[in-house]
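Working notes for the structure below.
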Amino acid sequence: MSAVKWRKLARLGGFEITCNNQMNGEVELHNLNDIEPELFLKFVRSPSLKTCTSLVRKLESCSKKWLTEFLVLGGLASLFEVLEKLGERGLAKFSDAFLQLECVRCIKAVLNNVTGLEFMTNDPSLTNHLVTGR
């Protein structure tokens with residue numbers, strides 16, 4: 001996702017984004033703890049290493065309320081969809097492998113939480129995604 005899109009989405013969510021490096025478009029999210037699940041879902045649907053890494057950190061430290069909202073909005077289903085799309089497109093670049101691993105780390109962070117695990121086991125389609133890998 002381009003830096004311009006990141007800034008636009010963040011502004012819509014009420015967050016400030018600054019560029020670390022104007023040449024390669026790296027961006028840094030400020031107030032990671034304040035980002036709403038809905039905004040993270042918008043970022044996840046156009047995955048990048050930065051998005052997935054940020055989401056892993058958020059999922060490992062979020063409140064039950066935040067995680068529940070993320071799950072109800074389709075967060076876990078979106079992560080499985082992204083992982084499936086990444087698998088279909090293959091590993092054209094070395095960074096694609098890291099992106100897949102970060103996506104798996106996001107799913108793992110959800111399932112390491114009791115709330116996430118209960119949510120997944122109560123939804124047969126999510127359980128199917130986990131078992132079949134698609």
Side-chain angles (χ1 to χ4, degrees):
M1 179 179 277
S2 74
V4 173
K5 287 182 183 176
W6 269 95
R7 281 192 289 271
K8 184 178 177 183
L9 282 173
R11 246 184 268 117
L12 289 172
F15 299 96
E16 175 188 353
I17 290 186
T18 58
C19 284
N20 290 337
N21 182 338
Q22 294 291 339
M23 296 299 288
N24 69 10
E26 279 186 34
V27 294
E28 181 178 327
L29 286 173
H30 295 282
N31 300 325
L32 184 63
N33 292 331
D34 299 332
I35 295 178
E36 295 299 320
E38 190 172 7
L39 183 59
F40 252 122
L41 281 173
K42 289 178 183 178
F43 289 141
V44 166
R45 290 188 179 114
S46 297
S48 70
L49 281 173
K50 184 78 172 173
T51 301
C52 290
T53 301
S54 297
L55 183 57
V56 168
R57 285 191 308 240
K58 180 64 180 177
L59 290 169
E60 290 175 342
S61 64
C62 69
S63 68
K64 180 178 180 175
K65 179 183 175 194
W66 193 96
L67 181 59
T68 301
E69 187 175 346
F70 179 79
L71 295 169
V72 167
L73 291 171
L76 190 54
S78 292
L79 289 170
F80 280 122
E81 288 171 19
V82 166
L83 189 57
E84 184 177 357
K85 287 178 185 176
L86 291 171
E88 288 172 357
R89 109 176 158 192
L91 301 175
K93 297 183 281 185
F94 191 67
S95 61
D96 291 343
F98 283 116
L99 185 54
Q100 284 182 341
L101 287 173
E102 287 302 300
C103 190
V104 169
R105 285 185 62 216
C106 289
I107 294 168
K108 179 184 173 197
V110 169
L111 298 181
N112 277 342
N113 187 304
V114 173
T115 302
L117 189 58
E118 287 175 352
F119 188 88
M120 193 215 50
T121 57
N122 289 327
D123 186 334
S125 67
L126 293 175
T127 306
N128 188 42
H129 277 298
L130 184 67
V131 171
T132 61
R134 3 182 204 120

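For the single chain, residues carry numbers from 1 onward in sequence order. Just the heavy atoms: all of them, side chains too, but no hydrogens, waters or symmetry mates, feed the values below.
Side-chain N or O atoms of Thr53 include one that pairs as donor or acceptor with a backbone N or O of Leu49 at under 3.5 Å. Without hydrogens or angle criteria, Trp66 side chain to Ile35 main chain gives a donor-acceptor distance under 3.5 Å. A donor-acceptor pair is defined here as one N or O able to donate and one able to accept, closer than 3.5 Å; no such pair exists between the side chain of Ser46 and the backbone of Phe43. A donor-acceptor pair is defined here as one N or O able to donate and one able to accept, closer than 3.5 Å; no such pair exists between the side chain of Glu38 and the backbone of Leu73.
Between Cys62 and Leu67, the closest heavy-atom pair is SG-CB, 3.7 Å. Pairing each heavy atom of Ser78 with each of Val44, the nearest pair is CB-CG1, 4.4 Å. Counting all heavy atoms, side chain and backbone alike, Val56 lies closest to Ala109 at O-CB, 4.5 Å. The minimum heavy-atom distance linking Pro47 with Cys52 is given by the pair CB-SG, 4.5 Å.
Counting heavy atoms from C-beta outward, Leu79 and Phe70 have side chains that approach closer than 4.5 Å. For the pair Arg57 and Ser54, the minimum side-chain heavy-atom distance is below 4.5 Å. The shortest distance between side-chain heavy atoms of Leu71 and Val110 falls below 4.5 Å.
Salt-bridge formation is not detected for the pair Glu88/Lys85: no Lys NZ or Arg NE/NH1/NH2 atom is positioned less than 4.0 Å from an Asp or Glu carboxylate oxygen.
Here the CD atom belonging to Glu60 is positioned 9.5 Å from the CG atom belonging to Leu55, to the nearest 0.5 angstrom. Separation of atoms NZ (Lys108) and SG (Cys103) is listed at 14.0 Å; rounding is to 0.5 Å. The line from OG1 of Thr51 to CZ of Arg45 is 12.5 Å long, rounded to the nearest 0.5 Å. Between the CG atom in Leu101 and the CG atom in Asp96 there is a gap of 11.0 Å [rounded to 0.5 Å]. Here the straight-line distance linking atom CD of Glu81 with atom CG of Leu76 works out to 10.0 Å at 0.5 Å rounding. Annotation: the span from Glu118 atom CD to Asn113 atom CG amounts to 9.0 Å, rounded to 0.5 Å.
Sorted by first and then second residue, the ring-ring contact (aromatic ring centres under 6.0 Å, His included) pairs involving residues 98-121 (not counting sequence neighbours) are Phe94-Phe98.
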